[in-house]
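Structure first, then comments.
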Number of protein chains: 2
Amino acid sequence: MAQSKVEMFSKDEILLADIAKALSHPARIKILKILTDKNVCMCGDIVDLMPLAQSTVSQHLKELKRVGLIEGEIEGPKTCYCLSQKALQTARADFSKLFSKICKC
Amino acid sequence: MAQSKVEMFSKDEILLADIAKALSHPARIKILKILTDKNVCMCGDIVDLMPLAQSTVSQHLKELKRVGLIEGEIEGPKTCYCLSQKALQTARADFSKLFSKICKC
DNA sequence: AACGTATATCGTAAATATACGATTAAAAAT
DNA sequence: ATTTTTAATCGTATATTTACGATATACGTT
């Protein structure tokens, strides 16, 4: 990318695009599903269920945390991850709003 | 990216992630909104409403076309773009399905 | 036929994303 | 106190994305 022109768009557009970005990799979709099934989950449990290296999974978790969709609580050497239902509600509403606007029915 | 591991995930996850990717830039969100307002729109009209160069807008249109969210019909030297309501319905349903799964309420 | 208009594509630069192994840090277990 | 376990971060390679100007293409107009 040359210089970013992102600031030339509306807050809403930037925010939704950012959430979409967080959802734009199948690994991250899968992580959200895993956290749904397990409710609360150690990082290692997630890694075991993913076809990716531990450091790569950690990066994906970081991206999901960046936009707030998940939360991680450090418990000793372990980290417990869970979904942020609040952030998910907001994301859901934002996508709904977009599709309501652009879908005819 | 090193080699892609995308094929290690489910079809559903890959598909949804791909749609999310198409929505992961504010310019593309804005284009969808413009097409909603104008219904059908020449490329140049879109370019005029965007803070980006013509070639850049063209690239964004290509990405939206790639995932099928918009369609472009060449009419002489011009190209008419419009939303694909069918693809939008599908995308909307796919996101709904994900959020239904991962949202508690 | 030459020119103008509209848009896609090419070439390119810079930023970001994805992936991995190695290392670090921090707490638990021995 | 040392070792082990867990997970984040660092360093790095490669791929992809974003952006632009320049060029090519294709049609309409003069």
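Rounded to whole angstrom, the span from the CD atom of A:Gln59 across to the P atom of D:dA15 amounts to 17 Å. Look at NE2 on A:His60: it is 14 Å from P on D:dA8, rounded to the nearest Å. Per the geometry, CD1 belonging to B:Ile70 stands 9 Å off P belonging to C:dA8, to the nearest Å. Between the CG atom of B:Leu64 and the P atom of C:dA8 there is a distance of 12 Å, given to the nearest Å. Following rounding to the nearest Å, B:Glu63 (CD) and D:dT16 (C1') show an atom-to-atom distance of 11 Å. Rounded to an integer number of Å, the gap from B:Glu73 CD to D:dC27 C1' is 15 Å. Between the NE2 atom of B:His25 and the P atom of C:dA15 there is a distance of 15 Å, rounded to whole Å. Rounded to whole Å, the distance from NZ on B:Lys78 to P on C:dG4 is 17 Å.
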Check: Reading nucleotides 22-30 of chain C from the 5' end, what letters show protein touch, with B for base, S for backbone sugar-phosphate only, - for no heavy atom under 4.0 Å?
Finding: B----SS--
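Phosphate contact (OP1/OP2 of C:dA17, side-chain N/O of A:Lys21, threshold under 4.0 Å): present. Under 4.0 angstrom from either OP1 or OP2 of D:dA7 there lies no side-chain N or O belonging to A:Ser58. Note on B:Thr79: every side-chain N or O is 4.0 Å or more away from OP1 and OP2 of C:dT7.
More than 12 heavy atoms of other shown residues, nucleotides or ligands fall within 6.0 angstrom of atom NZ in A:Lys65. Heavy atoms of other residues, nucleotides or ligands lying less than 6.0 angstrom from NZ of B:Lys33 number more than 12.
The two residues A:Ile14 and A:Phe9 come nearest to each other via the heavy atoms CD1-O, 3.5 Å. Listed here is the closest heavy atom pair of A:Gly68 and A:Ala87: O-CB, 3.2 Å. Smallest separation of non-hydrogen atoms from A:Ala91 and A:Leu69: CB-CD2, 4.2 Å.
Of the candidates D:dC20, C:dT7, C:dA8, the closest approach to any side-chain atom of B:Tyr81 belongs to C:dA8. For A:Leu52, counting side-chain heavy atoms from C-beta on, the closest listed nucleotide (C:dC20, C:dT7, D:dA7) is C:dC20.
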For residues 34-62 of chain B, dump all side-chain donor-acceptor pairs below 3.5 Å to protein atoms at least two apart in sequence or in another chain.
{"unit_1": "B:Thr36", "atom_1": "OG1", "unit_2": "B:Leu32", "atom_2": "O", "d": "2.9"}
{"unit_1": "B:Asp45", "atom_1": "OD2", "unit_2": "B:Met42", "atom_2": "N", "d": "3.4"}
{"unit_1": "B:His60", "atom_1": "ND1", "unit_2": "B:Arg28", "atom_2": "NH1", "d": "3.0"}

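At a threshold of 4.0 Å, the pair B:Glu75-B:Lys78 does not count as salt-bridged, since none of the basic side-chain nitrogens sits closer than that to a carboxylate oxygen.
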